[in-house]
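Worksheet: the structure to be examined is printed underneath.
Throughout, a chain's letter reflects where its sequence line sits, starting with A, and its residues are numbered from 1.
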There are 2 protein chains.
Amino acid sequence: MSFSEIRERIEATADDLYNARGIQAVGMDELRAAAGVSLKKLYQEYPSKSAIVMAVLERRHRSWTEGLDGLVRQAENPRARLLAIFDYLTRWFGEDSFRGCGFINTFAELGAVSPEVADYARQHKASFQDYVAQLVADAGAPSYLGPQLSILAEGAQTTAAIAGSTEAADQARAAAEVLIDAALGTETPGAA
Amino acid sequence: MSFSEIRERIEATADDLYNARGIQAVGMDELRAAAGVSLKKLYQEYPSKSAIVMAVLERRHRSWTEGLDGLVRQAENPRARLLAIFDYLTRWFGEDSFRGCGFINTFAELGAVSPEVADYARQHKASFQDYVAQLVADAGAPSYLGPQLSILAEGAQTTAAIAGSTEAADQARAAAEVLIDAALGTETPGAA
DNA sequence: TTGTAATGAGAACGATCGTTCTATACGCTG
DNA sequence: CAGCGTATAGAACGATCGTTCTCATTACAA
């Protein structure tokens with residue numbers, strides 16, 4: 001097993017375990033067993049548990065960014081690209097492993113005691129907001145639409161996580177359509 | 001100090017500490033010291049730490065419900081009552097102690113390992129959604145508006161918590177206005 | 001004043017966790 | 001086959017935590 005294969009295996013396993021049960025609830029020994037490596041190798045690849053946590057956060061960021069962008073690119077017009085955000089959520093919420101946004105969860109668990117984690121979560125959310133802002137600009141909509149859609153997406157994530165249902169994605173998508181059309185000017189009744 | 005004064009003191013202290021640093025990061029001894037009671041008294045009032053956690057959740061639920069309803073009742077018409085939800089968020093986000101929704105945070109930290117906590121968080125969110133649904137019904141708006149506004153409120157909470165700014169409340173409020181007006185029928189251009 | 005029940009401070013216990021160390025087994029080179 | 005470096009399993013260590021126990025002190029009743 002090569003260098004990066006080991007890291008891939010460790011980080012994928014840690015991602016799954018941390019997502020399913022929380023970071024503090026998963027000890028290094030359980031991670032070692034699940035990843036099928038020795039403790040020595042774990043500490044040879046990462047100096048500490050928090051280094052693994054940060055690596056998992058980077059992995060989640062890549063996965064989210066690539067997954068979202070992949071779906072957005074399939075949409076055929078700017079309006080559809082904005083709505084694709086919510087189609088992505090629908091798909092995500094339907095996965096068995098879905099337990100809410102990993103950044104919100106990790107921030108809630110460790111943000112208060114780990115500045116590293118808090119900063120990374122902030123950066124991830126800022127990056128998502130920037131991405132949405134770009135899609136909004138591409139659609140020729142006013143910039144205030146960006147935060148509105150970002151907030152809808154965030155709310156759908158926590159609502160779906162706690163309620164344990166996927167419907168929040170569709171409800172958020174319906175709201176997004178109204179907001180998009182309003183921002184694009186379709187809403188002015190007597191616009192002559 | 002009377003029976004209930006002691007419980008009030010313990011729960012208020014626990015609420016503050018758990019909110020500021022997370023539940024697992026605050027030990028029983030620190031809570032004991034901050035509340036100014038003996039360890040014996042702590043365990044005399046509550047059988048375990050998780051009992052204190054549940055008591056804190058109940059306290060938070062009461063505080064949220066009463067605070068929100070108090071502001072909503074001051075609004076003079078159904079539309080203003082719906083928007084009062086977001087005024088409440090603005091006020092809340094501005095507090096120094098604000099660190100996100102305590103139910104989302106606790107759910108993220110313990111929901112996966114504590115069914116009690118997960119259930120209570122679910123109930124709290126369901127109760128909020130019911131409350132919003134009632135306000136929507138009172139406003140004569142279609143029922144789909146309820147989840148839309150609830151999702152906006154949830155999203156504002158996590159966005160404000162992670163970004164550390166209050167602007168999400170105003171952005172969500174602006175979005176809510178659009179959604180409310182659209183749902184109330186103002187949106188149909190040629191409605192004759 | 002004396003005996004008793006309750007209280008408080010803090011030691012103690014057992015479990016768990018992150019991290020390091022040790023001793024054994026393995027694989028490669030000559 | 002011999003010898004050496006390396007990886008592995010798992011013991012060990014020190015810290016922390018939830019919970020319980022000890023024991024000295026206090027408040028009060030008779």
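- Of the residues in residues 20-33 of chain A, those with a non-hydrogen atom less than 4.0 angstrom from any atom of DNA chain C are A:Val26, A:Gly27, A:Met28.
- The list of salt bridge (charged side-chain N to carboxylate O under 4.0 Å, His left out) pairs with a residue in residues 102-113 of chain A, not counting sequence neighbours, is empty.
- Between chain B and DNA chain C, the heavy-atom contact criterion of under 4.0 Å yields a 5' to 3' nucleotide range of C:dT7 to C:dA9.
- One interatomic measurement links the two molecules: NZ of B:Lys40 to C1' of D:dT22, which rounds to 9 Å at whole-angstrom precision.
- Between B:Glu11 and B:Arg60, none of the side-chain N atoms (NZ, or NE/NH1/NH2) sits under 4.0 Å from a carboxylate O, so this pair counts as no salt bridge.
- Distance check: A:Leu31 CG to A:Leu17 CG gives 6.5 Å after rounding to the nearest 0.5 Å.
- Contacts between residues 46-59 of chain A and DNA chain C, counted as heavy-atom distances below 4.0 Å, involve A:Ser48, A:Lys49.
- Contact check on A:Lys40 versus A:Glu45 returns no salt bridge, with no Lys/Arg side-chain nitrogen under 4.0 Å from an Asp/Glu carboxylate oxygen.
- Between A:Gln44 and A:Leu39, the residue anchored closer to the 5' end of DNA chain D is A:Gln44, taking for each the nucleotide with the nearest heavy atom.
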(request) Before giving the answer on side chain to side chain contact (heavy atoms under 4.5 Å, CB included), spell out for A:Thr13 and A:Tyr18 the whole-Å C-alpha distance, their side-chain angles and the decisive distance to 0.1 Å. (result) CA-CA 8 Å; A:Thr13 307; A:Tyr18 292 167; over 6 Å; no

Please tabulate, one pair per line, each protein N/O and nucleotide N/O from nucleotides 26-28 of chain D that are separated by under 3.5 Å, including the distance.
none

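- With sequence neighbours excluded, the residues satisfying side-chain contact (heavy atoms from CB on, under 4.5 Å) with B:Thr166 are B:Phe93.
- For B:Ser165, the side-chain contact (heavy atoms from CB on, under 4.5 Å) partners are B:Ala163, B:Glu167, not counting sequence neighbours.
- Annotation: salt bridge (charged side-chain N to carboxylate O under 4.0 Å, His left out) contacts involving residues 75-85 of chain A, sequence neighbours excluded, comprise A:Arg79-A:Glu177, A:Arg79-A:Asp181.
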Identify each donor-acceptor pair in which a side-chain atom of residues 147-154 of chain B lies under 3.5 Å from a protein atom, sequence neighbours left out, and give them as a table.
from: B:Ser150; atom 1: OG; to: B:Gly146; atom 2: O; distance (Å): 3.1
from: B:Glu154; atom 1: OE1; to: B:Lys125; atom 2: NZ; distance (Å): 3.0
from: B:Glu154; atom 1: OE2; to: B:Lys125; atom 2: NZ; distance (Å): 3.2

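- A:Asp69 is linked by a salt bridge (Lys or Arg N to Asp or Glu O under 4.0 Å) to A:Arg73, counting only residues two or more places apart in sequence or in another chain.
- Here A:Arg32 pairs with A:Asp29 under the salt bridge (Lys or Arg N to Asp or Glu O under 4.0 Å) rule; sequence neighbours left out.
- Residues A:Asp119 and A:Gln123 have side chains that never bring a donor and an acceptor to within less than 3.5 angstrom of each other.
- B:Ser143 pairs by the side-chain contact (heavy atoms from CB on, under 4.5 Å) definition with nothing, not counting sequence neighbours.
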